[in-house]
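One structure below.
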Amino acid sequence: MKMISRRIPILALAAAFVLLATTSTSLLAAASEADFNAAYAEAEAANKQAGAQRDQWTTTAATLANAKKAAESGNFDSAVAEAREAEALAKASVFQATHEKDAWKAAVIR
Amino acid sequence: MASTIRVRATATGDTTEVQALIQHPMDSGFVKDAKGNLIPPHFIQQLAFECNGKTVFLADWGTAVSKDPYIKFSFKGGNKGDDLKISWVDNKGASDTTTAKIQ
Amino acid sequence: MNLRPAIRLASAAFGLATLLSAALPAGAADSVDPAADAKAFQNYFTTKFPKLKPADFVNGPYSLNEDMHRQWVEKEEFPPYEFSLEMGKEMFAKPFRNGKSYADCFDNGGIGVRQNYPYFDEREGKVITLELALNRCREANGEAPLSYVKDEMAALTAYMAFTSRGKPFDIKVPNDPRALAAFENGKEYFYTRRGQLNFSCASCHVQNPGERIRAETLAPALGILNAMPIYRSAWGGMGTISRRFTSCNSQIRGVPLEPQSDEYRDLEYYLSYVSNGLPISGPGARP
Amino acid sequence: MTSTDDPFPEFAATRRLILKGAVGVALIGLGEFSFGPVPALAAANDKWPEGAFKQKGEADAIKALYGKTAEVSDKVKLDAPEIAENGAVVPMSVTTTLTDVTSISFLVANNPNALAASYNIPPGTIPSVANRLKMAKTSNVTVIVEAAGKLYSATREVKVTVGGCGG
């Protein structure tokens, strides 16, 4: 079976993450610790879900750590931004795992 | 613990081919460890080979010699059964010596 | 909570990918047929690299690049894994505190048996890999298990692989639904894209063997475990199969699973089975 | 330690360097290098040539080690890969048809310190050496062979790509 070149989804994915990095959400009001805790909890939940599907990303964990570090130093604006970032990454990894659940069959050598 | 020097010396005619592999980190001092601090230089500086009391090969090594260093050379005048003494010393003063029979 | 624009975009990107892959003909009936899989797998690589004999695939990137092949031959004269091999031999012979030794845990005293691993254990209903069997042997004899990614395990598997050099892989998938499921699970892991770079093992080792990813020449998936454990110049040390799987995961920004977790054991089962017939060439040296 | 008049003052630095490098050579005649008896500097002594290994540049290292410059010769054959599979382990070897070889050295120009390894070849030892060196990045690799007091060299470029696929 002739292998279909999978260039397109990889390029699409790279474009997605470039955009992801640049969408720095500018918050109007200064974020508070409560905002951070909420955003962080949501990101962690999404990442746990990715873990259940055995497909966490190392960058999610790194971003979560950055969020925590920013919060500890009291800079809640960037802490919330980082937490949102982590949440987006975690959700993308959940999407990847769910999508691949059947997409993998297409790549199998026949 | 077994010696850090593995050596094969085989004589064909009057020429003996010597190959040696030495277990040593050969840290150059330019590399950082996981926590980001520099691993201090720790490398073999001199490696000497002696046969029948005569130095047949002397290597001066710097920080650019690979980890677990390897060397191959040949010399005339050794014959089967002779002893080949190999010894190295590193920049921390550590050293090791072994003697191998020429096959 | 409004769906963040980034996520919408990410899912759109994946939508595109599904659209593309859905265009493919639907997969064959879902029955698991390892023998057919192995034949198709080996056929894919032998047609992709007509000049290579099946046995050449066990040398990975060295069979695909002349300049690297020469460097490999030069290294093999006195390979850097000599010390690990020596240590493995010593460890293998040293009895445990209770007087027994590894030889008592393996048939034929553990000599020349590597090509039968991993095997499906009917009692446990799971795949047992060589690394797992070694640690189970230690625990059964009151010794602490070794780390799956460190030098001691690499030394033991290096010695056992050395005693099997040249023997063809001989992995069995019994007609037991649990064994077939384990095989299929390994296959799924192999082809599933993961990590932020969105690669599966197949993205590199099936679609791009011989190509370079950054500086590394990618090995073909066929015969990729035959040379294990490997001394990698990049690591400046030995690497077990567990170390290779976990480091591959983190290289594509996927969080690695625990060494010897079910997915890895099944993955090794699948990869070894489809390389049946190819000779064991471990321990190996790699860039 | 006697020192003859120095017709070439600009070599004073080199001489001091060599002296500082505690190279115990009784007589230092830095006459014209192309002819005239120039004592083999490095080969005679057995001390680790720290000065040479400290030098950054290739030319300085060669000067510090041998006190003279080399001329390219096709009698020196350097065997090194075109693209190193990994910068940490680059197999290289040299063979030469020159006679009365007393010393062989390997230098990697773009390494932090150019001099990688230097071998003393006593009489009766065949002038051919194989070793595995580290290379920081793509660079010219030069091998120097000292035969009958004169230096001969061969150079090859070895490409080094960054090993490992960072995550």
Side-chain angles (χ1 to χ4, degrees), chain C residues 59-82 194-199 201 203-205 208 211-219 230-237 239 243-244 246-256 284-287, chain D residues 76-96 104-113 116-119 121 125-143 145 154-167:
Chain C
N59 302 326
Y62 293 131
S63 299
L64 304 177
N65 180 309
E66 190 32 47
D67 190 31
M68 282 170 73
H69 189 269
R70 213 164 43 79
Q71 292 175 62
W72 173 56
V73 166
E74 231 162 286
K75 269 198 306 190
E76 281 297 299
E77 269 191 39
F78 219 142
Y81 50 73
E82 283 282 318
R194 61 189 73 257
Q196 190 178 9
L197 297 190
N198 193 32
F199 287 149
C201 312
S203 316
C204 289
H205 299 294
N208 296 294
E211 306 289 335
R212 278 185 186 269
I213 184 163
R214 277 200 174 171
E216 310 237 336
T217 304
L218 293 168
I230 47 173
Y231 181 99
R232 283 198 70 213
S233 306
W235 292 336
R243 179 175 183 181
R244 183 66 275 193
T246 47
S247 59
C248 260
N249 280 156
S250 34
Q251 278 172 355
I252 52 164
R253 298 185 183 174
V255 173
R286 285 289 183 274
Chain D
V76 175
K77 191 176 167 311
L78 166 63
D79 185 13
E82 208 195 309
I83 303 175
E85 63 170 19
N86 188 297
V89 180
V90 186
M92 289 182 214
S93 60
V94 64
T95 51
T96 177
I104 291 179
S105 296
F106 286 84
L107 297 109
V108 179
N110 293 348
N111 268 3
N113 303 92
S118 174
Y119 301 101
I121 312 290
T125 299
I126 293 158
S128 159
V129 181
N131 55 17
R132 295 169 188 165
L133 301 180
K134 293 185 208 171
M135 289 182 63
K137 51 184 184 224
T138 297
S139 166
N140 273 344
V141 173
T142 301
V143 67
V145 173
T155 303
R156 273 196 63 150
E157 192 200 42
V158 176
K159 292 191 190 61
V160 173
T161 49
V162 176
C165 166

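Only a predicted model underlies this, so the values are computations on that prediction, with no experimental measurement involved. Chain A is the first sequence line, chain B the second, and so forth, proteins listed ahead of strands; every chain is numbered from 1. Below, all heavy atoms of this structure are taken into account, side chains as well, without hydrogens, waters or symmetry copies.
- Within the 4.5 angstrom heavy-atom criterion, no atom of D/Ala130 approaches chain C.
- Looking at C/Gln71, its side chain never comes within 3.5 Å of a backbone N or O of D/Pro81 through a donor-acceptor pair.
- For the atom pair CD of C/Glu216 and OG1 of D/Thr161, the computed distance is 8.0 Å after rounding to the nearest 0.5 Å.
- Note: C/Met68 CE to D/Glu82 CD = 13.0 Å, rounded to the nearest 0.5 Å.
- Residue C/Ser233 comes nearest to D/Ala88 through the heavy atom pair O-CB, 4.0 Å, listed as atom of the first residue, atom of the second, then distance.
- Both the backbone and the side chain of C/Phe78 come within less than 4.5 Å of a heavy atom in chain D.
- A pairwise comparison of heavy atoms in D/Arg132 and C/Glu74 identifies NH2-O, 3.7 Å as the closest pair.
- Between C/Trp72 atom CH2 and D/Glu85 atom CD the span is 11.0 Å, to the nearest 0.5 Å.
- For the pair C/Asp67 and D/Lys159, the salt-bridge criterion is not met [side-chain N within less than 4.0 Å of a carboxylate O].
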